[in-house]
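This is a predicted model, so every value here is computed, not measured.
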Amino acid sequence: MTAMTFSPSTEALSALRLYTSLAVLLLGAIALIVPSGYSVGAVMLLLGSIVLLIKRPVLGLTRRDWLVIAAMLAYAAVSMLEAWWDGQGTRGLDSPIRFLFAIPAMLLVMAYPPRLSWLWTGLALGAIGAGGWAGWQKLVEGEWRATGFTHVIQFGNLSMLLGILCFAGLGWAWVLPRRLPWVALLLFGGLMGMLGSLFSGSRGGWIGLPFVLLVFYRGYGRHLPGLVKGAMLVAIVAGASLMYVLPQTGVQSRVHEAFDDVSRYVSGESLTNSVGARFEMWKGASQLILEKPLIGWGDNGYQKGMQGLADQGVIHPEVTLYGHAHNEFIDAWAKRGLIGLVVLLTLYLIPMKFFARRLDSPDLELRSLAVAGVLLSVAYIDFGLSQVFLSHNSGVMMFAFLLAVLWGSFSVRSRA
């Protein structure tokens, strides 16, 4: 038997692809089951990008690549500018600078694309771990809401994100020679990620599920036989009904709480319950937007402005304890003005637009990345309706570096 030999350049390429593959696997696999686990793979990609300065590979960036990079740069620049003129110091740079770090990570992924099997495996392991841990906390330890190592809302929504990304990978798995083990792994990962969300009781993520299903229909459902579509619809309705009626999931009680919160807020009985406090924050932030719609108040100015509205009796004083408006879009507009809202929408919509163009690709490997990319933006838009997700380290790290990985992998393969 003749031994297989590699040239130094081939060996180096293989080693670098192995490195990016491992980083991408860890980005998903330990995101929610290790304290700050979402940072490990991201830091590996950032540190690994130093090799780009040494080897200087030809990246062949396209116009779409530059526009995605520009969206990340614009969001970071506007947020950092706000931090500067608002006098926030280094505290205000912490979140936006992550988007600057994600850009070289994206370029590393383009230069040395990770193996997709490692990407999907990492997402599946991460979702299974999150769902399993959430189930242990809820069913065994008797916790009211599963929290993981991060804020309960962040944990639940990110668990859901990992789950729906697993479902996105089913197209990739379906064309493999040994499809059944991979399909089973991703299906199990998807279900466990959704269970993690349910056990956390984070209702904000559930609101966007119809739009998530619409993306799946657009990417995969249109190509299925009518009988299969009907069976899947029945399975989804039955599964959702089962999760609602089983008291162990806590879904029914959380839904009832939401309606009760709205009723008590409208009647004036309680202005500071979970839903009512959000209504008060949105009311106050909307008032601030009307006063400074173009340039916004900045983070410090926002808090002073909300305190002023509380002193005037416009909003309940308790909601001034929150540093943001519990809505990504209202918060961005109130603090960074109209330009802040525009760059936030650009950050979500530009990549989503380019991913969506390949939702009907005959190449299921490419289509799976397109579905995942669209879902990333759709999920964050949904999460942002009731939480300022990008103000949390877990939220900004997962979006910035998942975008880097998904876009880098998608861009390279879409040129082939």
Side-chain angles (χ1 to χ4, degrees), residues 31 35-40 42-43 45-47 71-105 147-155 157-158 277-278 281-282 284-285 288-289 291-292 294-310 315 317-348 380 383-384 386-404:
S36 299
Y38 46 78
S39 298
V40 176
V43 171
L45 289 173
L46 176 61
L47 294 177
M72 299 171 74
L73 283 172
Y75 178 82
V78 170
S79 299
M80 294 170 77
L81 183 62
E82 176 227 337
W84 171 72
W85 69 258
D86 190 43
Q88 298 171 27
T90 56
R91 170 181 62 87
L93 304 179
D94 186 55
S95 290
I97 204 170
R98 310 305 171 95
F99 283 94
L100 299 184
F101 291 158
I103 293 172
T147 61
F149 285 114
T150 186
H151 188 275
V152 62
I153 297 176
Q154 304 296 117
F155 175 79
N157 287 346
L158 289 175
R278 284 176 167 82
M281 285 183 271
W282 298 348
L288 296 182
I289 290 171
E291 295 182 30
K292 292 185 179 181
L294 296 180
I295 62 173
W297 291 73
D299 188 70
N300 292 328
Y302 169 85
Q303 296 184 49
K304 292 177 181 177
M306 291 290 280
Q307 185 60 57
L309 292 175
I315 59 175
E318 282 191 24
V319 302
T320 61
L321 298 176
Y322 299 93
H324 55 72
H326 269 274
N327 180 291
E328 195 85 59
F329 309 97
I330 294 174
D331 192 76
W333 197 349
K335 293 178 179 177
R336 297 184 288 279
L338 186 59
I339 189 172
L341 176 62
V342 169
V343 296
L344 174 64
L345 292 173
T346 297
L347 179 67
Y348 290 149
Y380 265 74
F383 302 158
S386 56
Q387 170 73 308
V388 182
F389 223 63
L390 295 182
S391 71
H392 293 264
N393 193 37
S394 57
V396 71
M397 288 293 284
M398 288 295 281
F399 182 83
F401 283 89
L402 277 175
L403 176 60

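- Under the ring pair (Phe, Tyr, Trp, His ring centres under 6.0 Å) criterion, Y380 pairs with F383, F389, F399, not counting sequence neighbours.
- Around OH of Y322, the count of heavy atoms belonging to other residues, nucleotides or ligands within 6.0 Å does not exceed 12.
- Within the 3.5 Å criterion, the main-chain N or O of L288 finds a donor-acceptor partner in the side chain of W297.
- In this structure, I339 CD1 and I295 CD1 are separated by 11.5 Å, a value rounded to the nearest 0.5 Å.
- V396 approaches S95 most closely through the heavy-atom pair CG2-O, 3.6 Å.
- Note that CZ of F99 is 4.5 Å distant from CG of L347, once rounded to the nearest 0.5 Å.
- A285 meets the side chain to side chain contact (heavy atoms under 4.5 Å, CB included) test with Y302, A325, I330, A334; sequence neighbours excluded.
- The side chain to side chain contact (heavy atoms under 4.5 Å, CB included) check on A71 picks up T346, I350, with sequence neighbours excluded.
- Nearest approach of G301 to D86, heavy atoms of both residues: N-OD1, 3.5 Å.
- Looking at heavy atoms from C-beta onward, T147 lies out of side-chain contact with F155 at the 4.5 angstrom threshold.
- Note that CG of L158 is 12.0 Å distant from CE of M397, once rounded to the nearest 0.5 Å.
- Under the 4.5 Å side-chain criterion, counting only non-hydrogen atoms from C-beta, Y38 is not in contact with Q154.
- Summarising the geometry of N300 relative to R91, their closest heavy-atom pair is OD1-NH2, 3.3 Å, with the distance given to 0.1 Å.
- A pairwise comparison of heavy atoms in L309 and G284 identifies CD1-O, 3.3 Å as the closest pair.
- The CG atom of L93 lies 12.5 Å from the CH2 atom of W84; values are rounded to the nearest 0.5 Å.
- Taking all atoms of both residues into account, the shortest heavy-atom contact from R278 to S386 is NE-O, 2.9 Å.
- With sequence neighbours excluded, the residues forming a ring pair (Phe, Tyr, Trp, His ring centres under 6.0 Å) with W282 are F279, listed by chain and number.
- Under the side chain to side chain contact (heavy atoms under 4.5 Å, CB included) criterion, H324 pairs with H326, D331, K335, Q387, V388, S391, H392, sequence neighbours left out.
- A400 approaches A102 most closely through the heavy-atom pair O-CB, 3.6 Å.
- Note that CG of N393 and NE2 of H151 are 14.0 Å apart. Values are rounded to the nearest 0.5 Å.
- Taking NZ from K292 and CG from L294, the interatomic distance works out to 11.5 Å, rounded to the nearest 0.5 Å.
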Atom pairs and distances, donor-acceptor, side-chain atoms in residues 76-83, under 3.5 Å, two or more places apart:
residue, atom, partner, partner atom, Å
S79, OG, Y75, O, 2.9
E82, OE1, R336, NH1, 3.3
E82, OE2, Q88, NE2, 2.8
E82, OE2, D299, N, 2.9

